[in-house]
Amino acid sequence: MNKYTPKDIEKKWQEKWHDDKIYAFDPSAKNKFYTLVELPYTSGDLHVGHWFNWATPDAYSRFKKLRGFNVFFPHGYDTIGLPAENAAIQRKIHPKDWTMKNVETMQAQFKTMGSMIDLDNIVITCSDDYFKWNQWIFIKMFERGIAYRGKALSNWCPKDKTVLADEHVEDGKCWRCGSVVEKKEVEQWFLKITKYADRLIWPEKPSVDWPVEVRVGQNQWIGKSEGMLLDFEGIEVFTTRPDTTDGATFIVLAPEHPKVKELTTAGQKNTVEEYVQKASTKSELQRKENKDKTGVSTGAEVLNPVSGKKIPVWVADYVLYGYGTGAIMAVPAADERDKEFAEKFGLPIEKTSFKAKPKGKKQVNYHIRDWSISRQRYWGTPVPMIHCEKCGIVPVPEKDLPVTLPYEVDFTPKGKPPLASNDEWLRVKCPKCGGNAQRDPETLDTFFDSAWYYYRYVSTDYDKAPFVKDRVKKMMPVDIYFGGAEHTLGHTLYARFFTKFFKDIGLVSFDEFALKRVQHGIVLGPDGNKMSKSKGNVINPDDVVKEYGADTVRLYLNFMMPYEGTAPWSTEAISGMFRFLQRIWKLQEKLSKQAKTDDESKARMSKVVRNITRDMEQIKNNTSIAFIMDWLNFLSQKKEISKEEYKTLLILLAPFAPHIAEELWQIIGEKYSVHQQKWPSVDEKALQKQKVNIPVQVNGKLRAVLNLSADNLKKDTVVKLALENEAVQKHLSGAKPEPIYVEGKVLNLVIKSSSK
RNA sequence: GCCGAGGUGGCGGAAUUGGUAGACGCGCAGGACUUAAAAUCCUGUGGUGGCAACACCGUGUGGGUUCGAUUCCCACCUUCGGCACCA
């Protein structure tokens, strides 16, 4: 027997599996299972986090395959983003070249994982065909009024010189570069996600299995609140508590509110203008940081229709222009913020009856706002629209799609979209009137691309539509979607939104694209901190693979913690995994043709298989591996082991360590491939024959354990045996206990204390 | 402030619907093999006391329900994540 040397076997099998197409999805077969992992961004290299993210889904998919499912596990790359464009600026490489080079590197690295993902049939979001259908979808949205041109106070990243969606402003800063985000009035494209707000709200008991934190988080972000629109002499306010209108003692307008100028009295003009001016220069972050209430009076007064009193109108930036009507009625007696404001500025506070019934219109408001979708950058899908002076905005006809990116542009940020710098590309004839017109020089947000890529996966070869309806009908929804928690408010919400839109235009028939969502945690550096170059605690997967092989790395990543967990990488623990594989390798010495699987072993094996099957289904791969170790420990103690025992070990191992499992499978002369075998079954009879441990408690404290055979589990027998037990007798000290027995589980002997 | 998820050995973490707390792995200690070391193998490993048998304590804290609670209920402390002047 030679030594276990991963590098001698891993590449060999990877190539053979690939050549033999052993993981090929059979579109005609039933029993489909669609595993989806968020497509990686083409940043350059796979880091250990990528390995972690894929190790569990891959083991899970392999398990599903062994369980008889026809597994579809496709792959792709999210290619659009600023790093590509910035690399281009810094290193003078074209974004496309930079991106495609990274795709190549990452493809090669994915191969070393020995994953069953299909690397031949990938979606690359910057390819022409993806652009085409991306643009097609955009035009469909435009036709339905979902994509629209709007002007709004938007989040502006001064460094990236582009607009940001609300979901990508984190703590007042740009999600990508961390610059403090400014507010800027910009005309741009929006998607009317607000129209879908109600349908995106998760019901209490959803039909699909998504984590609560996602459901609650999304519902909060959508932030539905029902209330009323009330009129205060021309000022419309939104309130959720119309019943407190009698206690409204003043009105507050947001600084941007158009009525501010109109209402301000001559005496207050300078003060108000100064205040409004000041508020407009504040960034969102500054507004958030300083929660002290500020504001000024307009000098105007309006009638409170319920109390019949004239109440003053103020301007303050604690009222947000973007929410409700940008104006509120302040009820200091019922609202903390209004109270604080009233106290600070000496405004009256009056009791409310909570019984007011003002006249007004019912109104529902949402926290979520329409998704700003256009970016003033080069590296993205061009917005497929033409601006004609005569006809206005005209979509590019389908036959002219895709609108591709011109290779030559000046993409150094200058405040205007880079595409506007290429005249030849920009100028175009209007498809309607044939007159002179211009292309839209903006590109789509990268989150538009990733909102529907898993539909394209099922139709990478199709060029008549974004996807083949029938195939989607057959293969979707996705059965399980693995990804990161950071996409709770962005990507996964957008993906749900797109699915509902697709349903509306008759492309799909379901409401949710993924039946189950599982979110991974993070592998920290060995020092317990987040891995970062500056901290020098980054683990390079290529190095670890070189040292131990891919199987050890996969195994360790599956074993180190639950998929949802976050824990530090341990250079010591991973060597334990290597040791485990070496012990399995060595076990082949004990394999004997004559050896039979005895009853004890059968029972043990069944228990292991049963537990692993149960845990794998629940994606508890760490405990599944623990049971494989348990089985190995058991086999190691035997003098010789049967082929059945050994084969079971290899099949159980195969999802986690596919290469070594295959190699050993071949060594023992079994038919290729171990990955096309049947998952071992549980021998219920053997399990029933096994002896059972019955803990015996006296007054709830464990005093003895009886090892009993299955036919000795009746209450009378167990109690009798327990009472004969010395340790039990000692603690009973002659008393007559009342037995409480749960069959096959536990016996508790209770002595009723005399004082009771 | 609001919402969500957690708090179990030296560490990562187990514990099926309330039923032997600490599986499995790492680390550590002792032993075997070796001239020696590494590797490997064996044994032990929650805490306290005891030579030992054994006893008591023990799942963030304090109460409660129960024959029995890491698991259920109440209050509190605390860590992490999300949202945050949303009217």
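We use all heavy atoms of the structure for the numbers below, so side chains are in, but hydrogens, waters and symmetry mates are not. So you know, we letter chains A, B, ... as the sequences are listed, proteins then strands, and number each from 1.
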Considering residues, nucleotides and ligands other than A:Gln618, do more than 12 of their heavy atoms fall under 6.0 Å from its CD?
yes

Heavy-atom count around A:Lys344 NZ within 6.0 Å, excluding the residue itself: above 12?
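Enclosed: over 12 neighbouring heavy atoms sit under 6.0 Å from NZ of A:Lys344.
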
Can you measure [X] atom [atom1] to [N] atom [atom2] for me and round it to whole angstrom units?
X        : N     : atom1 : atom2 : value
A:Lys607 : B:A14 : NZ    : C1'   : 15 Å
A:Tyr321 : B:A87 : OH    : P     : 19 Å
A:Phe580 : B:A39 : CZ    : P     : 20 Å
A:Ile522 : B:G81 : CD1   : P     : 9 Å
A:Ile612 : B:U16 : CD1   : C1'   : 15 Å
A:Leu687 : B:U16 : CG    : C1'   : 14 Å
A:Glu213 : B:A5  : CD    : C1'   : 7 Å
A:Leu229 : B:A87 : CG    : C1'   : 12 Å

So does A:Tyr323 get a side-chain nitrogen or oxygen closer than 4.0 Å to the phosphate oxygens (OP1/OP2) of B:A87?
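Yes, within the criterion.
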
B:G58, OP1 or OP2 - any side-chain N/O from A:Lys701 closer than 4.0 Å?
no

Can you tell me which nucleotide in B:G4, B:G13, B:U40 comes closest to the side chain of A:Gln582?
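For A:Gln582, the side-chain atoms sit closest to B:U40.
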
Looking at B:C85, B:A84, B:G4, which one has an atom nearest to any side-chain atom of A:His367?
B:A84

Taking the six-membered ring for Trp, are [X] and [Y] parallel (under 30°), tilted (30 to 60°) or perpendicular (over 60°)?
X        : Y        : value
A:His520 : A:Tyr563 : perpendicular
A:Tyr321 : A:His257 : perpendicular
A:His491 : A:His487 : perpendicular
A:Tyr4   : A:Trp585 : tilted
A:Trp371 : A:Tyr494 : parallel

Using a 4.0 Å heavy-atom cut-off across all strands, classify A:Pro562 as base, sugar-phosphate, or nothing.
sugar-phosphate

Under 4.0 Å between any heavy atoms, over every strand shown, what does A:Lys3 touch: base, sugar-phosphate, or nothing? Just pick one.
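If one applies the 4.0 Å heavy-atom cut-off, A:Lys3 turns out to touch nothing in the nucleic acid.
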
Quick test of your reading of the model: are A:Glu213 and A:Arg517 salt-bridged, counting only N-O distances below 4.0 Å?
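A salt bridge is absent here (no side-chain N lies under 4.0 Å from a carboxylate O).
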
Should stems be defined as at least three consecutive Watson-Crick or G-U pairs with both distances under 3.5 angstrom, which of them involve RNA chain B?
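When the pairs of RNA chain B are grouped into runs of at least three, the stems are B:1-7 with B:77-83, B:10-12 with B:24-26, B:27-32 with B:40-45, B:46-49 with B:54-57, B:60-64 with B:72-76.
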
Just checking, any donor-acceptor pair under 3.5 angstrom between side chains of A:Asn537 and A:Asn529?
no

Tell me, which pairs form a salt bridge (Lys or Arg N to Asp or Glu O under 4.0 Å) where one or both residues lie in residues 624-638 of chain A, sequence neighbours left out?
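Matches after skipping sequence neighbours: A:Asp598-A:Lys638, A:Arg604-A:Asp630, A:Lys638-A:Glu645.
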
Would you tabulate the nitrogen or oxygen pairs shorter than 3.5 Å linking the protein to nucleotides 50-54 of chain B?
none

Where protein sits on nucleotides 18-34 of chain B, one letter per nucleotide: B base, S sugar-phosphate only, - none, heavy atoms under 4.0 Å:
-BB--BBSSS-------

Donor-acceptor pairs under 3.5 Å, side chain of residues 565-573 of chain A to any protein atom, not counting sequence neighbours: which ones?
unit_1   : atom_1 : unit_2   : atom_2 : d
A:Thr566 : OG1    : A:Ile522 : N      : 3.2
A:Ser570 : OG     : A:Glu572 : N      : 3.3
A:Ser570 : OG     : A:Ala573 : N      : 2.9

Heteroatom pairs (N/O) under 3.5 angstrom, protein to nucleotides 43-46 of chain B:
none

